[in-house]
Structures are given as C-alpha cells and as structure tokens.
Amino acid sequence: MNNKLKVLRAMRDWSQAELAGRLDVSRQAVNAIETGKHDPSLPLAFRIARLFEMPIEEIFDDGQD
Amino acid sequence: MTDKTDAQMSGEERLRSRRKSIVLFTTLGCAVAMIAGFSTGYVGALYEDGTLPAWGVIALWALALIGFIWFNIEYFRRVDELDKQDNMFATLVAFVFYAVAYPSWYMFHDLGMVTEPHATTLYIATLAVGTLTYLARKLGLR
C-alpha cells in the first residue's frame, strides 16, 4: 500500500522518532510504514489520520482506483 | 524537579521513555528467568534429599509457568504492532520448522540413515530458528 507519511512528516519537519513518539509506536514501525514494508492496522491508520488531521484515504492509497 | 507529563513531552522524549520502559521490563524479565533457571538445580537437590515434597516442586513449577505466561502477555501489551507481527512471524516459522524437522528426521531414521530423533536438539534448533527469524525481521528483512 502506498502512503504519504514521509511527505507529511517532512512538511512538519519531524524526525521518524518524533512521529513514532506521537503515534506511540517504535521508530522501526514508522520506517516500515514509510517504506511500504508494513501496512498499519486500522486503529494505527486512524491515529495517523487524526494526527495529521486528514482523512485516511488521503494518506493511504491501495492503488485500486 | 518534577517529571514532565506525557502531554508535555515531545514525540522523541515519549519514544525514549517508551523504549526505556520496554528495555527495563525485558531486562528484569530475563534476569528473573535466569535466576529461576539457576534455581532449578537447587530445587532438584532439595527434592532428591527429601527436604522439598513433590507438591512443593509442582507448586514452584506452576508459579514459574504463571510468571512466564504473565511476562509474555505483559510484553505483548507493551510492544507495538510491528513488533507483535515480527514475534508472530518468527513463532510461525519456528513452528513450521518443527512440524517439518521432526517427521523428516523420523523418516530418515526409519530408513536407517540417521540416528533416532533427539528431542533436545529439535528444541534448541526450533528456538534458534525462531530467534534468527525475529532478528532478521528486526534488521529489516521483511
């Protein structure tokens, strides 16, 4: 699944560690999501969407459109 | 000086605190497990010389089992979903290894090609496969 996490993080000038702390996950989890090696669970996807104040589908794209 | 509350901390500070808590919990768990492991020899000796009755050994074993289960549940509560996934994946690979290794060894033994399957060897190999798989995942091999 593609996502804009890296771009959104860069726009706020946050490190992976900063974002991980805000999401209550490890830095490895942020890295794995950004590089497409891990698809977040629905609760984590909601936390990400809430943090960036955006709808989930604007952050994540399953390429089905 | 008072500690910052969770809301006052930056993300990086929160991550450091979270990591510290997990490392401390795991280190304490491993230390307790090591002490329990070393104590088995002493408990065995007490049982053999009649100081400790059989029910005492069973009670200590049950206590250790409850502690082990509690530690694992608590560990999975503390780690994030990626770590849970890595743990589950490593456990699955270790299980599949065991499910294939034992019957394969048994078959070759039945054909007279190798010695009888050895439980301890299979146990150690299964743990090693699980640990190596987990470490590979931690190194980013997903």
Side-chain angles (χ1 to χ4, degrees), chain A, chain B residues 1-30 71-96 129-142:
Chain A
M1 190 178 293
N2 301 317
N3 68 76
K4 294 180 189 159
L5 204 57
K6 194 173 181 175
V7 175
L8 294 170
R9 178 172 64 77
M11 281 165 65
R12 282 153 185 83
D13 204 19
W14 288 345
S15 63
Q16 286 187 339
E18 177 66 30
L19 178 58
R22 286 171 186 259
L23 293 170
D24 200 26
V25 295
S26 61
R27 194 197 56 75
Q28 287 83 358
V30 169
N31 185 55
I33 296 168
E34 283 186 359
T35 53
K37 289 181 175 174
H38 173 65
D39 290 334
S41 65
L42 205 48
L44 179 55
F46 269 106
R47 287 213 301 277
I48 293 169
R50 244 178 253 123
L51 180 66
F52 289 112
E53 297 174 321
M54 291 170 80
I56 287 180
E57 60 269 29
E58 278 188 33
I59 303 173
F60 298 97
D61 172 22
D62 65 356
Q64 296 294 306
D65 294 335
Chain B
M1 195 178 125
T2 54
D3 287 338
K4 283 182 183 176
T5 64
D6 206 44
Q8 289 171 319
M9 282 196 257
S10 71
E12 295 198 3
E13 284 172 324
R14 253 202 309 251
L15 180 68
R16 267 197 300 275
S17 150
R18 183 177 181 280
R19 197 184 293 151
K20 209 167 117 183
S21 146
I22 293 171
V23 169
L24 183 67
F25 178 76
T26 312
T27 308
L28 281 174
C30 290
F71 173 82
N72 277 280
I73 291 171
E74 193 56 32
Y75 175 80
F76 280 110
R77 254 179 22 85
R78 287 167 187 249
V79 297
D80 69 356
E81 61 181 48
L82 184 71
D83 209 357
K84 275 193 198 87
Q85 197 181 67
D86 289 344
N87 270 285
M88 296 300 176
F89 185 80
T91 308
L92 180 67
V93 170
F95 173 77
V96 170
V129 167
T131 306
L132 289 174
T133 307
Y134 178 75
L135 292 176
R137 300 272 295 190
K138 287 284 118 191
L139 289 172
L141 298 171
R142 292 193 170 83

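We name chains A, B, ... by the order of the sequence lines, and we start the count at 1 in each one.
Note: B:G11 leads B:S10, B:G140, B:G11 in heavy-atom pairs under 4.5 Å with chain A. Each of A:A32, A:A29, A:S26 has some count of heavy-atom pairs under 4.5 Å with chain B, and the biggest count is that of A:S26.
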Side-chain donor-acceptor contacts of residues 130-139 of chain B below 3.5 Å, not counting sequence neighbours, with atom names and distances?
from   : atom 1 : to     : atom 2 : distance (Å)
B:T131 : OG1    : B:L127 : O      : 2.8
B:T133 : OG1    : B:V129 : O      : 2.6
B:Y134 : OH     : B:D83  : OD1    : 2.7
B:R137 : NE     : B:D86  : OD1    : 3.0
B:R137 : NH2    : B:D86  : OD1    : 3.4
B:K138 : NZ     : B:D83  : OD1    : 3.3
B:K138 : NZ     : B:D86  : OD2    : 3.3

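In this structure B:K84 satisfies the side-chain contact (heavy atoms from CB on, under 4.5 Å) test together with B:F76, B:V79, sequence neighbours excluded.
The structure places CD of A:Q28 at 7.5 Å from CG of B:L82, a figure rounded to the nearest 0.5 Å.
For B:Q85, the part lying near chain A is the side chain, with the backbone staying farther off; criterion is any non-hydrogen pair under 4.5 Å.
The pair A:D24-B:R14 does not count as a salt bridge, with every side-chain nitrogen at least 4.0 angstrom from each carboxylate oxygen.
Proximity to chain B at a heavy-atom threshold of 4.5 Å picks out A:S15, A:A17, A:E18, A:A20 from residues 9-20 of chain A, in numerical order. Using a 4.5 Å heavy-atom cut-off against chain B, the contacting residues of residues 34-45 of chain A are A:K37, A:H38, A:D39, A:P40, A:S41, A:L44.
Here the closest heavy-atom approach between residue A:V25 and residue B:L15 is recorded as O-CD1, 3.3 Å.
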